[in-house]
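Only this structure's heavy atoms are used, side chains among them; waters, hydrogens and symmetry mates stay out.
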Amino acid sequence: MFAALKSLLGRAGREPAVEEADRWVVVDTETSGLDPARDRLLGIGGVAVDRAGIRLADSFEVVLRGDAIGDAANIVVHGIGHGAQARGMPAAEALAACRDWVAGAPLVGFHADFDRAVLRNAFAGAGIRVPDAPWLDLSPLAAALVPEAYRYGGRALDDWLAAFGIECTIRHNAAADALATAELLLRLRALAERQGARGYAGLCKVARQQKWLAGNGDD
Amino acid sequence: MSHAPTPAPSVLAGLKLALKPHAPFAAMTEHDLDRVVRASQLRYFAPGEVVLAPAAERPASCFVVRQGTVRGERPGVTGDAAALWELSAGEMFPLGALLARRGVTSVYRATQDTFCLAVPVAVFDGLIASSPVFQDFCTRRLAHLLDLSRAHLQAEYAASATEQRGLATRLESIVRQAPIACGPDAALGETLNVMEERRIGSMPIVDGDQRPLGVFTRQDVIGRVVLPQRALSTPMREVMSAPAITLPATATAGDAALLMARRGIRHVVLVDAAGALAGVVSERDLFSLQRLSVRELASAIRRAPDVPALVQCAADVRALSHALVAQGVAAGQLTRMISSLNDQLAVRILELVTPKHDLGGLRLCWLGMGSEGRGEQTIATDQDNGLIFAIEDEGATPDDARTRLLPVARAVNEAMDRCGYPLCKGGVMASNPRWCASLDEWKAAFANWIDRGDPESLLAANVFFDFRSLWGDASLADALRVDIAARAEANPRFLKQMSDNALRNRPPLNWRGELQGAEDGSGAEGIDLKMSGSVPFVDGARIYALATGVTEAGTVERFVAAGAKRGIPEHEIRAWCDAFEYVQLLRLREQHRRAAAGEGSSGGAANPNVVPLDELSDLDRRILKEAMRQVRKLQQRLELDYPG
């Protein structure tokens, strides 16, 4: 196990060095289903965070235009109905705007692997090249920093928001979810700093270690 | 980076939803709310984290609490003692500093997980200029401003107080007198006598080289002497606590407090470098270092053995008053407290002076007049008093009684003067033969004033109508009050004359409604907070009290009781009371400031009640202006009620 841990840490060290950017972007996506390979991207929301806090004006929200119909049950959840989808922005334009807004900043998400895969597929489908930016996943980070909540509570974003008492005014809207996720990030960042993990790279390291531990039978 | 500064619609909508339940956001336009959110940052503060700390510069942001709580604290103080106020969701800070364009003076600390919206100061200024709702909320509400002003003062005080009187003080600087000690063979009875005579709570026992062997305290008496029924001849070595718990005289008050807490003791013996006795520090010494308590001071006054002891008490009353002004205690509470301590001081002086004189066959009532009568004394105050007597001997005349009483009154007035309450320049004192009078003479004097109503009478009425019994037979004062009330109510002309007289004293506002100072001789413009500030309220309250037969002496109490009887709207009464208390607070502050600056609060050339206009902060100027507008309203009502 120690060898594995060492190799993990070593691997982290070999990854391209993340330059400590002051602007991070927290991103949330809404999709027609839960399979990133098959389901379609419906909307993207995001807010930017810097050292001091959340830059409200520096936020992003787009609904993609599409004619493929998401399944009815999911429409109920994400609230992006057919009408809204029809009024949305053409996919290529929306994704280009997203790329411009992110502007190469390091990304943050909750269950980030999903958002990352969805966006990667969407960008590829639209033929848009994006620089390979790092992603920080708040799900394992929260589990690592607040193990009691992880063990006894649920593991969805809603559970963590409830555990931290973060109110989300318009849940299941990509931008509003991104804002709530950003608030969660501020809370976790403060906790992590108290434990000596600093900066984006520091947080990524804690998240990665937790993921590895969980994957090795901690559950 | 090419991101346009337009927030996502859902982010904007979400935050506006969070703001809208709270004032002033509830009443602001969508456009203005957009402006707030668009420019803001949402920041997180962990419990205990400082949001704003005292600084010289105006803060860069106005904060709106979105979630959690932020506490205002005196700087340099820790724990709950530091807490000044608490702000929760929807509240804004630091309004006082932002409005007055200065730095904050308190520490703003998150006490829970807290999210605040940080609104750039440029946007805050923009809203003050363009949004009447926002401006109104931030600037106009008098009560709100009063809180701010009080908090500001508290913070200012804390900054200076923590330096001066912290736990870092060296114990040798606290020790008040040369140490009194006894040897181990001294008799218990002898030691108890010394402790009683010298009024000390503890007696160190030392060897031939003055090294402490043990200590004996007042608390030991019951357990070690009374209960075991020890003979008074017992040597001290058998009753003392040994070994003595000592600290070097160079140790700090903090060290002593810690040691006392740890060992559960109330006295620590101090030793010098050679190990010889250097003094004793008691828990009380440490407390008085922190703060003089009103209760302790009152009991010290009651126990004072002589006038010199009272002189010290009077100095302590002033020190306490200053400390309380600075801690932002409300003016009404404070002036009542000062008056009550001064009352007790006067009573103690009377108790000490009168037994030295033969006062047989006389019933006496000592009166406090003017501000003391109203229970509204500020720190710089001279004496206003009088004496009512009733003769029980057949055949004795008032002049006979006066001959016997004047020396007593003079002794009391002089003792008060020694205590720092200067003799009244107008001679309103019991040692003045006119104000050392029989009940009938007093009644005649009041009747004369009420019937004549000339300027001199009105002036006298203003001082004498606010009398209160401080010592002696209160029924004499009550009888006088009943007589006056009936006479004044039956003489509407007199009330009209009092009203006219009061209306001659107009608030210092010019035609535009701006504060207008009077030149004070040195070229600076100042406002006399007593003449232009308190007096109009005091006069108005007195007139309405006389008109309605209200017997309360305090201005606020008079307004409340008389206002109810006359049906004056409650909010109007409230506004007058608030304004009056604010002016009183400002007077106290000014006196406090001068004393702190070593300018001497009484007897000096400068009028302690004049405050230079340009030394007032923006905030204070605005509140003072509002207070003066209330004077105007009060006077308008008087004009209507007593038309010319």
Side-chain angles (χ1 to χ4, degrees), chain A residues 21-23 25-26 28 30 43-63 79 96-105 163-180 182-194, chain B residues 1-22 25 33-52 59-69 88-90 110-120 122-123:
Chain A
D22 186 47
R23 179 175 177 267
V25 295
V26 182
D28 184 66
E30 300 294 336
I44 311 170
V47 292
V49 167
D50 63 21
R51 274 317 308 157
I54 301 168
R55 315 203 298 212
L56 294 171
D58 189 359
S59 51
F60 180 80
E61 181 171 32
V62 71
V63 172
C98 176
R99 176 200 55 198
D100 291 346
W101 176 74
V102 171
F164 280 104
I166 294 171
E167 297 150 29
C168 183
T169 36
I170 321 169
R171 187 76 177 89
H172 296 299
N173 160 293
D177 277 0
L179 178 62
E183 289 182 40
L184 180 62
L185 167 65
L186 296 192
R187 296 289 301 274
L188 294 173
R189 184 167 73 177
L191 280 178
E193 263 172 28
R194 225 167 297 159
Chain B
M1 282 190 289
S2 62
H3 43 278
T6 41
S10 307
V11 170
L12 195 59
L15 278 151
K16 276 159 66 179
L17 269 181
L19 287 179
K20 273 181 181 168
H22 307 288
F25 308 105
L33 284 177
D34 283 355
R35 261 172 95 188
V36 171
V37 175
R38 188 172 299 138
S40 300
Q41 214 173 31
L42 189 58
R43 295 197 193 157
Y44 166 70
F45 301 94
E49 197 175 332
V50 171
V51 183
L52 278 174
S61 314
C62 165
F63 292 88
V64 186
V65 181
R66 183 187 182 203
Q67 194 187 346
T69 49
S88 53
T111 53
Q112 298 172 1
D113 292 298
T114 300
F115 282 96
C116 289
L117 214 53
V119 187
V123 174

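Between chain A and the options B:L12, B:V37, B:L42, the largest number of non-hydrogen pairs under 4.5 Å is found for B:L42. Contact count against chain A (heavy-atom pairs under 4.5 Å) is highest for B:S40 among B:C116, B:A39, B:S40, B:A118.
With a 4.5 Å cut-off on side-chain heavy atoms, A:L186 and B:R43 do not count as touching.
A salt bridge is absent between B:E49 and A:R194: the closest approach of a Lys/Arg side-chain nitrogen to an acidic carboxylate oxygen does not fall below 4.0 angstrom.
The two residues B:T69 and B:S88 come nearest to each other via the heavy atoms CG2-CB, 4.0 Å.
Using a 4.5 Å cut-off between heavy atoms, A:R189 makes no contact with chain B at all. For chain B, the nearby part of A:V47 is the side chain; its heavy atoms alone come within less than 4.5 Å.
With values rounded to the nearest 0.5 angstrom, A:E61 atom CD is found 11.0 Å from A:L179 atom CG.
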